[in-house]
Amino acid sequence: MKKIFNYILTLAMSISIFTACVDDINVGNAFLEKSPGVDVNVDTVFSKAEYARNFLWSAYGQIYCIYTTGNTMNGTPIDALSDSYHCYCGWGGPKQTYYTGNLTEDSQDNPNGNYQGKFAYKTGNPDGDGRISIYETVRKCWQLIENLEKVPDMSDAEKSRLRGEAYTIMASRYFDAFRNFGGLCLVKKAYAVGEGFEEGRATAFKTVEFIDSLLDCAIKEPGFIWNVPNSDIGQWSGRLTRASARALRAKLWMHAASPLFNSAAPYITYDKKPTGLETEEHVWFGKEDPTLWNRCLQYCNDFFDDNAANGNYYQLVQPETQDEAGYRMAYRRAYRYRNNETRHEKLFDAHPSIYLSDDVVNGSRENHWGWGWDGFCLDGLRQGGCVPTNELMECFGMQDGRDFPYSDIYGPGKNPTGIDIFADRDPRLYETMLVPRQSLPAGLDYAGQSYADTWVGGAMYNNKDKFGDYSSDDCASGYRKFKWMLDYTNDRMNDDYIGVSYIRLAEVYLIRAEAKAETGDLRGALDDLHVVRSRVGLGRLETMNPSLNLTSNKENLIKEILRERNCEIGAECGDRVYDMIRRKCQDLFTKPLHEIRIYRLDDAGNRITDGDTQWDPSTPWPKFEYEKPQIINGARRWWDPGYWTNKWYLDPVSRNEVQKGYGLTQNPGW
């Protein structure tokens with residue numbers, strides 16, 4: 001009998017119970033009436049409601065967020081593995097591990113954060129790199145579920161509610177690991193230290209069914225409420241609800257129904273099977289089953305039916321004014337800020353921990369954001385860890401709803417009429433990345449500038465004195481990241497409490513659109529797309545792009561749905577990377593990416609290439625020419641002809657874990 005695996009399920013009770021809470025907004029600073037000692041055990045924790053609640057709050061602190069240090073590659077969000085962002089800083093994890101092809105089955109055990117995989121199968125090194133195995137969270141949740149009945153001063157309704165939350169947290173952590181590794185070891189109870197575990201690794205499909213069963217248990221808990229009441233939301237924004245479980249169920253089956261797992265043949269096969277336990281069904285369902293999309297669609301409809309039965313509590317945040325400023329603010333409130341008494345779009349979100357530097361503690365700034373390594377990974381973003389690509393810019397269409405139309409505008413003499421390719425665009429472009437703009441919406445400025453000049457020679461392109469030591473890095477591609485950061489050089493990072501979406505309502509519409517398209521209801525899919533797009537004033541996709549034949553061409557519609565997902569929820573929970581993986585987008589992984597070079601033109605139409613090219617606001621807005629050079633700083637091995645193999649769709653499992661002999665196998669190709 002193999003002993004239960006180290007670093008995963010054998011955490012002593014005195015360690016696993018009293019880890020940090022999510023933050024003081026949700027649960028307050030009070031934790032226990034007295035500091036826990038070595039005598040803390042199950043009976044202690046579940047002897048009082050307050051202790052039991054705090055035990056669950058510690059599991060909340062392990063919800064997946066790509067912007068916290070434990071879920072990044074040395075401060076770089078996994079978005080830098082997609083076609084939308086690129087890592088330029090030399091110490092960034094993508095540049096060290098993935099771009100070079102250096103990811104191995106030992107990367108999980110490497111104490112150097114530069115060489116980590118994008119997701120942790122096991123808990124980090126003893127010195128603490130912030131990486132948390134899903135099984136630490138799973139153990140906590142099972143312990144709570146199995147012991148809540150012991151709590152003497154807690155109502156049955158609250159016990160049911162906490163069980164629903166625990167099931168949902170546990171399901172989310174399994175889902176996190178599933179989309180990175182495939183089939184998993186399924187832990188169905190809280191194992192005692194040293195207790196034998198003999199089930200080994202489950203197939204990919206059994207893993208999905210198990211995650212679904214956890215969500216089904218959550219949904220059926222009678223005390224698991226649909227939404228946090230408005231009277232409580234100031235304290236409890238971020239508490240999981242039945243809506244969270246229903247939304248996650250739809251997202252789970254979207255991934256399950258997608259071609260990575262649900263195909264006639266596996267995406268890759270084993271060259272050898274060293275343990276004899278290896279099977280492609282650990283990373284493949286064994287067949288293609290189109291009805292899985294029907295299941296995804298049903299769970300989407302279940303969500304919307306439940307929402308309707310509860311007064312349509314969850315709704316998309318709508319613009320207060322029908323103009324660019326109104327559209328931008330509506331989108332920002334939807335993706336960035338936590339639910340409050342008037343906005344209810346987030347269904348499942350994470351609240352990153354905060355870092356209190358001296359100027360925050362002693363100054364007037366409130367502690368909404370982390371500026372250092374212990375909180376939101378802002379330093380990595382400021383130093384070029386995740387810089388937008390030209391491909392991301394082109395992903396966004398025009399304000400009227402047309403797709404980006406300027407395919408042949410790059411290069412000398414290619415823009416004789418001086419078209420401003422950044423004018424009249426989808427307002428979400430301006431909320432996602434910084435591009436040249438003559439007039440910014442009221443309330444936005446950049447260190448005193450009311451315009452954005454990211455062209456060559458402009459202040460924002462490279463002006464270290466004005467914008468800090470790292471401006472040449474965070475604008476390395478010719479673009480700057482705006483989503484989450486806003487105009488951080490003007491110290492606007494702390495305008496409201498942040499909630500990083502794991503799932504929000506807009507995504508459920510997009511999941512249902514994809515499921516409808518896959519099941520033949522193309523017009524219904526377009527209706528769901530329009531619900532999301534109309535929030536920012538875009539015209540109907542099929543009307544504004546007639547050449548795509550979206551009411552009859554399913555392949556084109558699926559591509560448009562994936563593009564819309566990138567515009568709406570990109571850079572929130574790593575969804576662009578996971579979309580490229582689940583759809584087996586080898587073409588996007590292996591296609592070289594591009595920067596932008598924007599050149600201001602003089603009155604004669606010649607490029608201004610020397611010296612200061614800043615704009616005088618008393619003069620007309622400049623005209624430009626554009627080039628899109630291929631990215632060579634940290635060029636990815638995937639781009640090299642003949643290098644790519646499909647093994648890259650899923651990450652390798654820790655070699656040390658495989659060698660412990662409890663039935664875990666390595667993914668094929670590693």
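All values below come from the heavy atoms of this structure, side chains included, with hydrogens, waters and symmetry mates left out.
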Q) Is a side-chain N or O of R425 found less than 3.5 angstrom from the main chain of G397, in a donor-acceptor match? A) yes
Q) Do you see a donor-acceptor pair shorter than 3.5 Å between the side chains of Q666 and E105? A) yes
Q | Y479 versus N390, side-chain donor and acceptor atoms under 3.5 Å | A | yes
Q) Hey, are N180 and K118 close enough side-chain-wise for a donor-acceptor pair under 3.5 Å? A) yes
Q. CD1/I134 to CZ/F178 distance, rounded to the nearest 0.5 angstrom?
A. 12.0 Å
Q) Counting heavy atoms not belonging to K584, are there more than 12 under 6.0 Å from its NZ? A) yes
Q: Please check if any side-chain donor atom of Y599 sits under 3.5 Å from a side-chain acceptor atom of N415, or the reverse.
A: no
Q | Spacing of CG belonging to L588 relative to CZ belonging to R576, to within rounding of 0.5 Å | A | 5.5 Å
Q.
I'd like to know if the side chain of Y98 pairs up with that of D651 as donor and acceptor (distance under 3.5 Å, no hydrogens or angles considered).
A. yes
**Q.** F624: which of F422, Y406, W455 passes ring-ring contact (aromatic ring centres under 6.0 Å, His included)
**A.** W455
Q) Could R437 and Y430 be counted as a cation-pi pair, given that NZ or CZ must be under 6.0 Å from the ring centre and within 45° of the axis? A) yes
Q: Assess the side chains of Y509 and E564: does a donor N or O sit below 3.5 Å from an acceptor N or O?
A: no
**Q.** From CG (D453) to CG (L434), nearest 0.5 Å
**A.** 9.0 Å
Q.
Under the criterion side-chain contact (heavy atoms from CB on, under 4.5 Å), I'd like the reasoning laid out for C573 against Y64: C-alpha separation, chi angles, the key distance, then a yes or no.
A. CA-CA 8 Å; C573 195; Y64 185 60; 3.9 Å; yes
(Q) Angle between ring planes, Y99 versus H86, binned at 30° and 60°: parallel, tilted or perpendicular? (A) parallel
Q.
Please evaluate residues K483 and D79 with respect to the criterion salt bridge (Lys or Arg N to Asp or Glu O under 4.0 Å), reporting the C-alpha separation (whole Å), side-chain torsions for both, the decisive distance (0.1 Å), and the verdict.
A. CA-CA 12 Å; K483 194 170 189 178; D79 296 316; over 6 Å; no
Q) Under 3.5 Å, side chain of T389 to main-chain N/O of S84, donor-acceptor pair present? A) yes
